[in-house]
Amino acid sequence: MTVISVQAEKTYPVILSNSWSSETLKILTGRTRVAVIVSKDFNPDLSAIQSSDSEVHLFQVPDGEEAKSISTLISVWNWLGAAGFTRTDLVIGIGGGAVTDLAGFVASSWLRGLDWVAIPTTLAGMVDASVGGKTGVNSEYGKNLIGAFHSPSAVIIDTKWLETLSDRDFSAGMAEVIKCGFIADAKILDIAGSHTLDTLRADRKATLELIERAVAVKAQLVSSDFKESFAREALNYGHTLGHAIEIHSKYNLRHGEAVSIGLVYAAELAAARTLISDTELLLHRTLLTTYKLPITFERQAWGKLAPLLALDKKARGKTIRFVVLDGIGATTRLEDLTSGELDAAYERIGS
Ligand SMILES: NC(=O)c1ccc[n+]([C@@H]2O[C@H](COP(=O)([O-])OP(=O)(O)OC[C@H]3O[C@@H](n4cnc5c(N)ncnc54)[C@H](O)[C@@H]3O)[C@@H](O)[C@H]2O)c1
């Protein structure tokens with residue numbers, strides 16, 4: 001078992017264990033009621049924790065982004081009310097990022113804040129969504145517009161869950177892992193580069209090391225800058241164009257797939273300013289395609305994507321700012337990019 005500590009509005013452990021149920025049983029000790037939120041479609045086997053002394057209430061919610069709808073949120077609030085949840089009870093989200101985002105937001109809002117535990121079951125959930133304290137649901141005006149910073153009491157990561165994850169979802173998670181490698185930990189790039197999607201999926205030890213390293217990168221950046229002013233912004237590498245592509249694709253692309261294209265775009269911007277070498281630029285393309293991630297996007301979409309860049313949450317005022325690499329493992333931000341530079345970089349990723 002490995003424990004990585006995150007210092008946010010409170011300090012909490014990310015526990016990497018090969019028995020999520022025994023870690024969870026320890027956390028349930030002394031809790032009267034526990035709300036376990038899962039997706040109806042994923043529906044994990046919870047028999048191990050249902051045997052605990054706490055009253056375990058299972059709340060099944062719709063799968064994927066539907067879990068983060070206002071109607072689902074209201075139904076979970078109603079369930080909590082009907083089951084008599086009090087300030088000392090616990091919420092647990094077991095699932096992908098959609099379920100843990102919902103569970104965290106439910107916990108932040110019910111009675112002005114209950115404790116909650118994230119048990120991520122997708123790779124993206126393990127290395128990204130469950131760590132960092134951001135919780136939220138979607139509004140009809142966009143994704144994640146309603147939310148709160150509300151850190152979990154613990155995150156429990158067990159790589160066993162990944163056995164049933166689709167290749168597509170595994171790859172989408174790898175985009176965030178590779179991003180962490182580029183911004184802060186070159187060893188991640190070495191490990192990812194020495195595998196293929198199939199060999200990595202078969203190698204639990206290497207997968208665990210990648211998760212551990214990616215979580216450590218996120219934990220370190222979040223701990224130094226919980227509410228996102230400067231340091232945490234490095235985590236946004238690849239996300240400026242990535243978010244625009246996600247919106248443009250009407251969320252048909254996975255977040256990680258859109259980020260993958262965004263990483264290559266940001267690398268093109270940095271290479272054009274000689275902040276990274278052509279070899280480092282090529283490494284982006286090679287690693288991401290190794291994990292079957294897209295690295296190009298429709299050339300004719302640029303006219304629609306360019307205006308969306310200014311809508312990115314990380315844009316300040318009217319300035320479009322990009323996190324780019326200043327060599328492997330170091331980031332900087334560019335706020336003075338001309339439309340000529342933005343166009344030229346897109347031309348190089350256009351298909
Ligand atoms: N809070 C944050 O900081 C943060 C960061 C990144 C992403 N997110 C959010 O996370 C969500 C995306 O998360 P995601 O990529 O995990 O997608 P997801 O939660 O939609 O899950 C993807 C699919 O995988 C299934 N699944 C989950 N675990 C499985 C398993 N072990 N085996 C088989 N199938 C499994 C789910 O049922 C779902 O169909 C988005 O809503 C995004 O906004 C939040």
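Atoms within each ligand, like the ligands themselves, are counted from 1 in listed order.
Geometrically, ligand 1 and Val99 share no nitrogen or oxygen pair separated by less than 3.5 Å. Between Thr135 and ligand 1, not a single N/O pair is under 3.5 Å apart. Where the criterion is an N or O separation shorter than 3.5 Å, residue side chain and backbone included, Lys68 meets it with respect to ligand 1. Between Trp161 and ligand 1, a contact under 3.5 Å exists for at least one N or O pair.
Relative ring orientation between Trp161 and Trp20 is described as tilted, the plane-to-plane angle lying within the 30° to 60° band. The aromatic rings of Tyr265 and Trp302 lie tilted to each other, with the angle between the two planes from 30° to 60°.
Proximity annotation for atom 12 (C) of ligand 1: of Gly125, Ala118, Ala98, Ala98 comes nearest, heavy atoms only. Relative to atom 1 (N) of ligand 1, the option among Lys134, Glu66, His255, Glu163 with the closest non-hydrogen atom is Lys134. Nearest-residue assignment for atom 41 (O) of ligand 1 (options Lys160, Glu65, Arg254; heavy-atom criterion): Glu65.
Ile295 is listed as a side-chain neighbour of Ser260, based on a closest heavy-atom distance under 4.5 Å. Looking at Thr207 and Arg201, their side chains never come closer than 4.5 Å, going by heavy atoms from C-beta outward. Within the 4.5 Å cutoff, the side chain of Glu341 has heavy atoms near those of the Arg273 side chain.
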**Study point:** Chi angles and distances behind the side-chain contact (heavy atoms from CB on, under 4.5 Å) call for Val34, His57
**Key:** CA-CA 6 Å; Val34 182; His57 296 259; over 6 Å; no
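Under the 3.5 Å distance criterion, with hydrogens and angles disregarded, a donor-acceptor pair is assigned to the side chains of Ser47 and Asp45.
Atoms of ligand 1 found under 4.0 Å from any heavy atom of Ala124 (numbered from 1 in listed order, with element): 15 (O). Near Lys143, with a cut-off below 4.0 Å to any heavy atom, the atoms of ligand 1 are 40 (C), 41 (O), 42 (C), 43 (O). Using a 4.0 Å cut-off to heavy atoms of Thr164, the atoms of ligand 1 that qualify are 30 (C), 31 (N), 32 (N), 33 (C).
The proximity of Ala129 to ligand 1, defined as any non-hydrogen pair under 4.0 Å, involves the side chain as well as the backbone. Contacts between Asn144 and ligand 1 below 4.0 angstrom, taking non-hydrogen atoms only, involve the side chain exclusively.
Partner of Trp110 under the side-chain contact (heavy atoms from CB on, under 4.5 Å) criterion, out of Asp89, Thr86, Val91, Leu80: Leu80 alone.
Looking at Ser17, its side chain never comes within 3.5 Å of a backbone N or O of Asp158 through a donor-acceptor pair. A donor-acceptor pair is defined here as one N or O able to donate and one able to accept, closer than 3.5 Å; such a pair exists between the side chain of Glu9 and the backbone of Ser151.
Of the protein's heavy atoms, Thr122 OG1, 2.6 Å lies nearest to atom 16 (O) of ligand 1. When hydrogens are left out, the protein atom nearest atom 37 (O) of ligand 1 is Asp63 OD1, 2.5 Å; that is the closest non-hydrogen contact.
Heavy atoms of Gly64 come nearer than 4.0 angstrom to ligand 1 in at least one pair. For the ligand labelled ligand 1, residue Asp101 lies inside the 4.0 Å heavy-atom shell.
Protein heavy atoms are absent from the 4.0 Å sphere centred on atom 25 (C) of ligand 1.
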